[in-house]
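To keep things clear, I will list the structure first and then write my remarks on it.
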Amino acid sequence: MSSHLSEQELIRRDKLKQLEELGIEAYPAPMFGVNCNSQQILSEYDDVAKNLQDVNIAGRVMSLTPKGKITFAKIQDEKGKIQLFMSIDNICPGEDKTLYEKVIKHILDIGDIVGVKGEVFITKTGETSIRVKHFQLLAKALRPLPVVKEKDGETFDAFTDPEQRFRQRYVDLVVNPQVRETFIKRTAMIKTIRDYLNDHGAMEVDTPVLQNIPGGAAAKPFITHHNALDVPFYLRIANELYLKRLIVGGFDFVYEFSRNFRNEGMDRTHNPEFTVLEFYVAYKDYFWMMDFTEKMVEQIAIALHGTTDVILGDKTINFKAPFKRVSIYDAILEYTGFDISAMDEEQLLDVCKKLHIETDKTMGKGKLVDEIFGAKCEGNFIQPTFIIDYPVELSPLTKKHRSKPGLVERFELMVNGKEIANAYTELNDPLDQRARFEEQAKLQERGDEEAMFIDHDFLRALEYGMPPTSGIGIGIDRLAMLMTNQASIQEVLFFPQMRPEAQD
RNA sequence: GUUUCCGUAGCUCAGCUGGUAGAGCAAUACACUUUUAAUGUAUGGGUCUCGGGUUCGAAUCCCGACGGGAACACCA
């Protein structure tokens with residue numbers, strides 16, 4: 001945020017003065033009645049019918065090509081770009097040529113927002129354009145926009161510096177159309193999900209972001225303070241426990257796009273705040289949830305790409321339902337050759353040693369299984385795969401498996417070697433839940449910063465009776481990365497977290 | 001948090017083993033009434049991220065800070 005103005009910024013500020021002297025408002029208040037957009041003009045104009053002879057359109061000047069008594073400009077609106085043909089005769093039919101000679105030829109800059117009225121025609125070189133009859137400046141730009149040029153599909157001088165792109169996303173969005181596309185797709189994805197859930201009778205709800213007990217996940221929370229109550233609050237790490245309270249309350253299918261906050265590391269797949277869709281459905285189990293989820297994900301792929309095949313880097317992911325289902329033990333058997341299904345802790349430690357996986361004494365049986373899976377298996381599941389039946393120690397909110405001792409009814413959806421969803425048959429036995437929380441409390445006493453707190457109100461809710469329920473959390477940012485072919489979470493968040501800029 | 005690469009004009013970059021900076025686009029001025037990365041002529045624009053050090057001399061070498069990218073660790 002430099003207080004030093006560049007030559008170009010000084011010149012643009014001087015142009016403000018020139019406008020004032022001409023009696024032209026640089027930032028006029030009255031609305032400009034837009035009656036079409038660039039896309040409509042390009043797709044609807046018919047050179048024989050000579051339609052669109054009275055268009056009003058507004059946008060940002062992206063290029064200027066003055067040629068003496070005519071000037072070509074390209075303006076960009078929300079839908080794309082359209083060329084303006086501005087001639088001195090059309091713009092200034094009378095004696096006073098100021099608007100053309102001064103304003104358009106000298107004061108107008110790339111980056112300015114303008115509104116024009118005119119008629120659509122096709123130039124000699126075949127480009128659909130607007131012959132401008134009325135020109136109005138709607139907002140003057142005081143900073144120069146990066147000028148990205150293009151020829152034969154090749155881009156020149158693209159605005160690419162990631163730091164500037166993320167810090168000044170507004171500039172990125174103006175000059176990089178593919179960035180716009182990514183975010184349009186993200187929004188389309190969320191709309192598809194919302195429609196899918198609503199069509200199945202779900203109710204969208206809002207639950208607290210400020211919580212005095214951060215529950216529902218194993219993660220380090222952000223902490224803040226409420227002055228009037230003089231109590232600490234945590235920013236939510238998950239909304240699971242609140243949605244289950246609503247299930248107790250009698251809403252049978254609830255969902256929320258939950259902005260979660262975790263005070264952990266940042267990298268290309270982690271932002272301190274991120275979005276998880278969680279939904280809970282009464283009287284269902286995790287098998288039902290797998291069916292429901294794979295259909296939803298398939299539908300997202302089709303909505304965004306028109307097909308279930310989605311290109312991701314050099315791979316093609318096929319989101320055609322049903323997805324493969326592999327138990328975690330079978331996955332480990334397949335990729336390590338070890339059948340660990342009946343092993344005790346000592347035998348597991350031995351397997352880890354043979355596989356060169358680092359362990360420490362705090363790791364219990366469940367954690368060891370998770371380590372083996374994470375190190376040797378996870379990355380292999382490129383095509384959508386449900387990994388099912390996890391060790392009970394890792395899943396304090398999940399119901400014990402109906403037939404496999406030591407396991408819980410849980411699945412994770414793996415795509416491109418990464419987890420994008422985590423779901424359970426929810427634990428609704430209040431006594432079992434209390435025992436699991438107490439296990440977590442012991443871990444916390446041993447210094448595990450990510451162990452769960454005991455949430456007594458949640459236990460109280462379960463004691464009133466929660467119907468058998470299945471629930472899921474889906475990483476929306478991660479899913480957006482998959483669906484938009486992006487390798488970094490920063491590319492699917494408008495404003496990814498950055499270190500604050502130095503102020504002066 | 002660790003390792004590693006990077007930071008030069010508004011944007012994209014060049015600047016070899018040290019001799020106080022260049023290009024294209026953008027900007028300014030002039031010409032040009034159908035351009036397409038318009039063209040032609042001329043001009044201006046930089047505390048080379050910041051702070052130290054070595055040196056007669058540092059954008060360049062060394063140390064540190066700040067910011068960013070990538071990989072690893074933790075996690076979603």
Side-chain angles (χ1 to χ4, degrees), chain A residues 2 4-12 14-15 63-74 81 83-91 100 105-106 109-111 121-127 129 131 141-168 171-172 175-176 216-220 237-238 258 260-278 358 370 374 412-414 418-422 449-450 473-479 481 487-490 496 498-502 504:
Chain A
S2 174
H4 167 80
L5 295 178
S6 70
E7 181 194 37
Q8 296 199 39
E9 289 174 300
L10 290 170
I11 288 167
R12 288 182 179 218
D14 184 61
K15 288 176 176 178
S63 70
L64 280 169
T65 309
K67 262 187 67 67
K69 293 189 170 56
I70 59 167
T71 293
F72 291 95
K74 293 225 166 96
K81 289 182 189 157
Q83 178 166 270
L84 306 183
F85 172 88
M86 298 184 284
S87 74
I88 191 164
D89 297 337
N90 284 317
I91 299 220
Y100 183 83
K105 279 191 77 176
H106 291 279
D109 283 309
I110 289 171
F121 74 112
I122 293 177
T123 63
K124 273 186 190 167
T125 49
E127 180 156 349
S129 307
R131 183 180 289 114
L142 294 182
R143 288 174 183 263
L145 203 61
V147 176
V148 181
K149 298 206 172 183
E150 212 179 291
K151 187 180 188 177
D152 302 330
E154 207 180 333
T155 302
F156 300 82
D157 300 332
F159 180 63
T160 53
D161 177 37
E163 179 169 3
Q164 295 207 75
R165 286 186 48 231
F166 301 148
R167 286 196 196 279
Q168 300 187 58
V171 176
D172 192 29
V175 303
N176 288 324
K220 287 180 209 149
I237 55 174
S258 173
N260 294 345
F261 304 83
R262 298 191 185 174
N263 207 341
E264 294 165 354
M266 292 166 63
D267 61 27
R268 71 178 206 295
T269 57
H270 296 83
N271 194 64
E273 57 183 293
F274 61 103
T275 303
V276 173
L277 165 70
E278 291 203 30
E358 280 183 39
D370 192 48
E412 292 192 353
L413 174 57
M414 313 293 305
K418 298 254 163 52
E419 175 199 339
I420 63 153
N422 182 18
E449 284 181 273
E450 295 183 353
I474 299 174
I476 291 298
D477 310 304
R478 296 273 177 88
L479 190 60
M481 288 166 66
S488 165
I489 199 168
Q490 297 170 113
M498 306 279 281
R499 272 213 153 74
E501 277 181 278
D504 56 25

Just how far, in rounded Å, is [atom2] of [N] from [atom1] of [X]?
{"X": "Leu5(A)", "N": "A27(B)", "atom1": "CG", "atom2": "P", "value": "18 Å"}
{"X": "Phe159(A)", "N": "A26(B)", "atom1": "CZ", "atom2": "C1'", "value": "14 Å"}
{"X": "Asn263(A)", "N": "C74(B)", "atom1": "CG", "atom2": "P", "value": "18 Å"}
{"X": "Asp267(A)", "N": "C74(B)", "atom1": "CG", "atom2": "P", "value": "12 Å"}
{"X": "Asp157(A)", "N": "U12(B)", "atom1": "CG", "atom2": "P", "value": "9 Å"}
{"X": "His106(A)", "N": "A31(B)", "atom1": "NE2", "atom2": "C1'", "value": "11 Å"}
{"X": "Leu142(A)", "N": "G10(B)", "atom1": "CG", "atom2": "P", "value": "16 Å"}
{"X": "Met266(A)", "N": "G67(B)", "atom1": "CE", "atom2": "C1'", "value": "13 Å"}

Inter-nucleotide [atom1] distance ([N], [M]), Å rounded:
{"N": "A27(B)", "M": "G45(B)", "atom1": "C1'", "result": "8 Å"}
{"N": "A21(B)", "M": "U33(B)", "atom1": "P", "result": "42 Å"}
{"N": "A59(B)", "M": "C48(B)", "atom1": "C1'", "result": "4 Å"}
{"N": "U4(B)", "M": "A23(B)", "atom1": "C1'", "result": "30 Å"}
{"N": "G44(B)", "M": "G22(B)", "atom1": "P", "result": "13 Å"}
{"N": "A58(B)", "M": "G19(B)", "atom1": "C1'", "result": "10 Å"}
{"N": "G52(B)", "M": "U12(B)", "atom1": "C1'", "result": "32 Å"}
{"N": "G57(B)", "M": "G1(B)", "atom1": "C1'", "result": "41 Å"}

Out of [options], which has the shortest distance to the side chain of [X]?
{"X": "Thr65(A)", "options": "U34(B), U33(B), U35(B)", "result": "U35(B)"}
{"X": "Ile110(A)", "options": "A26(B), G69(B), U34(B)", "result": "A26(B)"}
{"X": "Gln83(A)", "options": "U35(B), A37(B), U33(B)", "result": "U35(B)"}
{"X": "Arg131(A)", "options": "U33(B), U34(B), A27(B)", "result": "U34(B)"}
{"X": "Gln8(A)", "options": "G68(B), A26(B), A70(B)", "result": "A26(B)"}
{"X": "Phe274(A)", "options": "U34(B), A76(B), A27(B)", "result": "A76(B)"}
{"X": "Pro146(A)", "options": "G68(B), C11(B), A27(B)", "result": "C11(B)"}

What is the nucleic acid contact for [X], judged by heavy atoms within less than 4.0 Å: base, sugar-phosphate only, or nothing?
{"X": "Arg167(A)", "value": "sugar-phosphate"}
{"X": "Phe261(A)", "value": "nothing"}
{"X": "Ala217(A)", "value": "nothing"}
{"X": "Phe85(A)", "value": "base"}
{"X": "Thr160(A)", "value": "sugar-phosphate"}
{"X": "Ser6(A)", "value": "sugar-phosphate"}
{"X": "Gln164(A)", "value": "sugar-phosphate"}
{"X": "Glu127(A)", "value": "base"}
{"X": "Asn90(A)", "value": "nothing"}
{"X": "Lys81(A)", "value": "nothing"}
{"X": "Lys74(A)", "value": "base"}
{"X": "Glu412(A)", "value": "nothing"}

Is a donor-acceptor contact shorter than 3.5 angstrom present between the side chain of [X] and the base of [N]?
{"X": "Asp152(A)", "N": "A37(B)", "result": "no"}
{"X": "Glu7(A)", "N": "A27(B)", "result": "no"}
{"X": "Asp89(A)", "N": "U33(B)", "result": "yes"}
{"X": "Thr71(A)", "N": "U33(B)", "result": "no"}

If [N] has a Watson-Crick or G-U wobble mate with both distances under 3.5 Å, name it; if not, just say none.
{"N": "U39(B)", "result": "A31(B)"}
{"N": "C25(B)", "result": "G10(B)"}
{"N": "G18(B)", "result": "none"}
{"N": "U55(B)", "result": "none"}
{"N": "C72(B)", "result": "G1(B)"}

### Message
Does the structure show Phe156(A) stacking with G24(B), if we require the centres to be closer than 5.5 Å and the planes to be within less than 30 degrees of parallel?
### Response
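No, Phe156(A) does not stack on the base of G24(B), since the centre distance and plane angle fail the 5.5 Å and 30° test.
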Does [X] put a side-chain nitrogen or oxygen below 4.0 Å from OP1 or OP2 of [N]?
{"X": "Arg268(A)", "N": "A71(B)", "answer": "yes"}
{"X": "Lys149(A)", "N": "A37(B)", "answer": "no"}
{"X": "Arg499(A)", "N": "G67(B)", "answer": "yes"}

### Query
On RNA chain B, nearest-nucleotide positions of Asp161(A) versus Ser129(A): which is more 5'?
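The 5'-side residue here is Asp161(A).
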### Of Gln490(A) and Asp109(A), the one whose closest RNA chain B nucleotide lies more 5'
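With Gln490(A) and Asp109(A) compared, the 5'-side residue is Asp109(A).
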Check: [X] side chain, [Y] main-chain N or O, donor-acceptor pair, under 3.5 Å:
{"X": "Lys15(A)", "Y": "His106(A)", "value": "yes"}
{"X": "Asp109(A)", "Y": "Ala141(A)", "value": "no"}
{"X": "Arg262(A)", "Y": "Ile237(A)", "value": "yes"}
{"X": "Asp477(A)", "Y": "Thr275(A)", "value": "yes"}

#### Entry: Separation between CD of Gln490(A) and CE of Met498(A), rounded to the nearest 0.5 Å
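If I round to the nearest 0.5 Å, the distance is 6.5 Å.
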### Task
Drop me the distance from Ile122(A)'s CD1 to Phe85(A)'s CZ, to the nearest 0.5 angstrom.
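Taking CD1 in Ile122(A) and CZ in Phe85(A), the distance rounds to 14.0 Å.
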Find out whether [X] and [Y] are in side-chain contact, i.e. whether some heavy atom of one side chain is under 4.5 Å from a heavy atom of the other.
{"X": "Val147(A)", "Y": "Asp157(A)", "result": "no"}
{"X": "Phe159(A)", "Y": "Leu145(A)", "result": "no"}
{"X": "Met266(A)", "Y": "Ile489(A)", "result": "no"}

### Query
So, Ser87(A) and Asp89(A): side-chain donor and acceptor under 3.5 Å apart, yes or no?
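No, because no side-chain N or O of Ser87(A) sits under 3.5 Å from a partner of the opposite role on Asp89(A).
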